[in-house]
Structures are given as C-alpha cells and as structure tokens.
Amino acid sequence: AEYTYTFAGWSPEVASVTGDATYTAIYSATKNSYTITWKQDDGTTMDETTVEYGEVPTHADPTKEATAEYTYTFAGWSPEVASVTDEATYTATYTATKNSYTITWLQDDGTTIDETTVEYGEVPTHEDPTKDATAEYTYTFAGWSPEVASVTDEATYTATYTATKIIYDIDVTPEDDAEGTVDIEGEPTYGSTVTLTATPNECYHFVRWSDGNTNNPRSVVVEGDISLKAIFEQD
C-alpha cells in the first residue's frame with residue numbers, strides 16, 4: 001500500500017562464473033500517492049487531490065450557499081480526515097442556522113410603528129395599533145395590509161382602520177317650553193348642516209338664539225356639540 005518497487009539490479013554485481021554464486025535482487029522503492037475526493041454535502045465533487053501514503057490530506061474549508069431559510073457554516077469532513085493509506089472520499093458537513101428577517105409595521109400614514117425580527121417560517125404578530133380620532137371620525141383597527149403571512153423574507157405591513165363618522169349632540173330647546181318649540185332637521189355629523197326652526201306658541205314671537213343669532217330658520221354647520229336656546233317674547 002505504501003510503495004511501488006522497480007527492479008534496480010542484482011547484488012553483488014553479476015560476474016563471470018568461477019564457482020557457485022548467489023545474487024540478491026535489489027529494488028527502488030517509490031512511495032505511492034492516492035486520489036482523495038472532496039465532495040459537497042449534496043454528493044457533487046468539489047475537488048480531487050493526490051496525496052502520498054502516510055500524509056494527512058488537507059483542503060480549504062468549503063462554503064454552501066445560503067437559502068431563504070438557512071445560513072450554513074462548515075462543520076468538518078465526514079468521515080474524519082485521516083492519514084492516507086488508500087483512496088478516500090470526504091464529504092463536507094455544515095451547521096444550519098435558521099435565518100431571521102426584519103418585519104416593519106407601519107401606520108396608515110406611512111410612519112413606522114415598530115420593527116420586529118422573526119425567524120423564517122414563523123407567522124409574525126403585533127399588538128393592534130390605534131389611531132387618534134379627528135373631529136369628524138373615530139377609527140377602529142381593521143387589520144394589516146397585506147394579510148400577515150409566514151416569514152420567507154423581509155416584509156412590511158400597514159395598519160388599516162374602519163372610520164366611523166362622529167354624531168354630535170344637538171341640545172337646542174326653547175328657553176321656556178311654554179313660549180314655543182324648536183325643530184331640528186338633518187343628521188348632526190361633522191361637516192353636515194342642520195336646520196333649526198323656532199316656532200312660537202300663540203301670543204309669543206321669536207326674538208333670537210342664545211348666541212345672539214336672529215335667523216329663523218337657521219342653518220348651522222356641525223363642527224362639534226351644539227347647545228342653544230330659542231328665546232321668545234310675549235306679543
């Protein structure tokens with residue numbers, strides 16, 4: 001296994017016969033070399049090297065391309081590399097580390113609420129965000145867009161909301177119920193117009209509203225709660 005021998009002659013040197021003689025063959029010894037095959041973990045051949053008997057073969061650490069799910073770190077050769085005694089094949093082994101990705105959570109105006117790091121294959125979660133009410137609407141969280149799915153890469157999710165128009169309180173009454181009545185027409189939502197009509201009872205006439213306005217009927221743009229009194233006087 002270690003050597004190949006080539007005949008090098010006789011010892012002693014062969015001479016003319018003068019009597020009995022003994023000659024011993026002598027050889028040149030050449031150390032054998034063997035092919036060492038280095039394979040990737042999928043069985044493909046990366047390299048072949050030639051190494052002399054008795055030496056310990058070496059090879060640069062190979063790499064394995066990462067996938068969306070895993071990053072690979074070289075962990076050694078299988079079987080363990082040993083001194084050469086024959087042809088041998090070594091296969092690379094790797095440690096797989098699951099990849100994590102950044103998930104960005106946005107408010108519906110595009111501002112960032114949060115960033116979280118989630119492993120491949122997991123379904124990211126986030127507490128429901130809130131959105132401040134305006135004069136016109138209150139907002140209820142309705143979900144994320146796009147729909148949240150298992151992680152395969154970095155992803156961005158944007159909060160969506162259901163807007164509910166605010167209905168305001170309209171407290172408009174006569175200063176004295178005995179003097180007249182007030183009718184209200186229209187839905188008191190932000191930006192809409194309601195019509196206030198003061199109707200005096202017999203022997204009374206309308207004078208003004210408690211804020212000084214004298215229009216009757218009167219149109220009011222709703223921008224909040226409305227509280228007014230209709231003021232009447234006796235004829």
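Side-chain atoms are counted along with the backbone in the values below, which use heavy atoms only and exclude waters and symmetry mates.
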Checklist line | With sequence neighbours excluded, residues passing side-chain hydrogen bond (donor to acceptor under 3.5 Å, both in side chains) with Asp86 | finding: none
Mind checking what makes side-chain contact (heavy atoms from CB on, under 4.5 Å) contact with [X], not counting sequence neighbours?
X: Asp132; value: none
X: Thr189; value: Lys165, Ile167, Glu187, Ser192
X: Thr104; value: Thr102, Leu106, Thr112, Glu115, Thr156
X: Asp225; value: Tyr168, Asp169

Find the distance between [atom1] ([X]) and [atom2] ([Y]) and round it off to the nearest 0.5 Å.
X: Ser150; Y: Glu119; atom1: OG; atom2: CD; value: 12.5 Å
X: Trp10; Y: Thr24; atom1: CH2; atom2: OG1; value: 8.0 Å
X: Ile36; Y: Thr50; atom1: CD1; atom2: OG1; value: 8.5 Å

Notebook entry, point to check: Does a side-chain heavy-atom distance below 4.5 Å link Leu196 with Ile184?
Noted result: yes
Check: Just wondering, do His126 and Ile103 contact through their side chains at under 4.5 Å, heavy atoms?
Finding: no
Notebook entry, point to check: Quick one: ring pair (Phe, Tyr, Trp, His ring centres under 6.0 Å) partners of Tyr157, sequence neighbours excluded?
Noted result: Trp105
Item checked: By ring pair (Phe, Tyr, Trp, His ring centres under 6.0 Å) - contacts of Tyr27 (at least two apart) -> Phe7
Next item on the list: For Lys131, check salt bridge (Lys or Arg N to Asp or Glu O under 4.0 Å) against everything at least two apart and list the hits.
Entry: Asp108
Item checked: Test salt bridge (Lys or Arg N to Asp or Glu O under 4.0 Å) applied to Glu2 - qualifying residues, sequence neighbours left out -> Lys31
Verify same cluster id: [X], [Y] (apolar side-chain graph, 4.5 Å):
X: Ile231; Y: Leu228; answer: no
X: Val123; Y: Val118; answer: yes
X: Tyr3; Y: Val84; answer: no

Note to self: Does anything in residues 13-25 form a salt bridge (Lys or Arg N to Asp or Glu O under 4.0 Å)? List the pairs, not counting sequence neighbours.
What the structure shows: none
Margin query: Once you measure the plane-to-plane angle for Trp38 and His59, does it fall in the parallel (<30°), tilted (30-60°) or perpendicular (>60°) bin?
Written below: tilted
Margin query: Angle between ring planes, Tyr120 versus Tyr101, binned at 30° and 60°: parallel, tilted or perpendicular?
Written below: tilted
Quick check: closest heavy atoms across [X] and [Y], and the distance to 0.1 Å?
X: Asn201; Y: Ala178; value: ND2-O, 2.9 Å
X: Pro217; Y: Thr195; value: CB-CG2, 4.0 Å
X: Ala198; Y: Phe232; value: CB-CZ, 3.9 Å
X: Ala8; Y: Ser28; value: CB-OG, 3.7 Å

Taking distance alone, no hydrogens or angles, what donor-acceptor pairs closer than 3.5 Å link side-chain atoms of residues 60-71 to residues at least two apart or in another chain?
{"residue": "Lys64", "atom": "NZ", "partner": "Asp41", "partner atom": "OD2", "Å": "2.8"}
{"residue": "Thr67", "atom": "OG1", "partner": "Glu69", "partner atom": "N", "Å": "3.2"}
{"residue": "Thr67", "atom": "OG1", "partner": "Tyr70", "partner atom": "N", "Å": "2.9"}
{"residue": "Thr71", "atom": "OG1", "partner": "Asn99", "partner atom": "OD1", "Å": "2.6"}

Acceptor/donor pairs from residues 204-214 side chains to any protein atom, 3.5 angstrom cut, sequence neighbours excluded:
{"residue": "His205", "atom": "ND1", "partner": "Glu233", "partner atom": "O", "Å": "3.3"}
{"residue": "His205", "atom": "ND1", "partner": "Asp235", "partner atom": "OD1", "Å": "2.7"}
{"residue": "Trp209", "atom": "NE1", "partner": "Asn215", "partner atom": "O", "Å": "2.7"}
{"residue": "Ser210", "atom": "OG", "partner": "Lys229", "partner atom": "N", "Å": "2.9"}
{"residue": "Asp211", "atom": "OD1", "partner": "Asn213", "partner atom": "N", "Å": "3.1"}
{"residue": "Asp211", "atom": "OD1", "partner": "Arg218", "partner atom": "NH1", "Å": "3.0"}
{"residue": "Asp211", "atom": "OD2", "partner": "Arg218", "partner atom": "NH1", "Å": "3.1"}
{"residue": "Asp211", "atom": "OD2", "partner": "Arg218", "partner atom": "NH2", "Å": "2.6"}
{"residue": "Asn213", "atom": "OD1", "partner": "Asn215", "partner atom": "N", "Å": "2.7"}

Next item on the list: Could you give me the CA-CA distance, side-chain angles and deciding distance for Asp171 and Thr173, then say whether side chain to side chain contact (heavy atoms under 4.5 Å, CB included) is met?
Entry: CA-CA 6 Å; Asp171 181 19; Thr173 59; 3.9 Å; yes
Margin query: Between Tyr94 and Gln40, is there a side-chain donor-acceptor contact under 3.5 Å, judged purely by atom types and distance?
Written below: yes
Next item on the list: Please confirm whether the backbone N or O of Gly143 pairs with a side-chain atom of Thr160, one donor and one acceptor, at under 3.5 Å?
Entry: yes
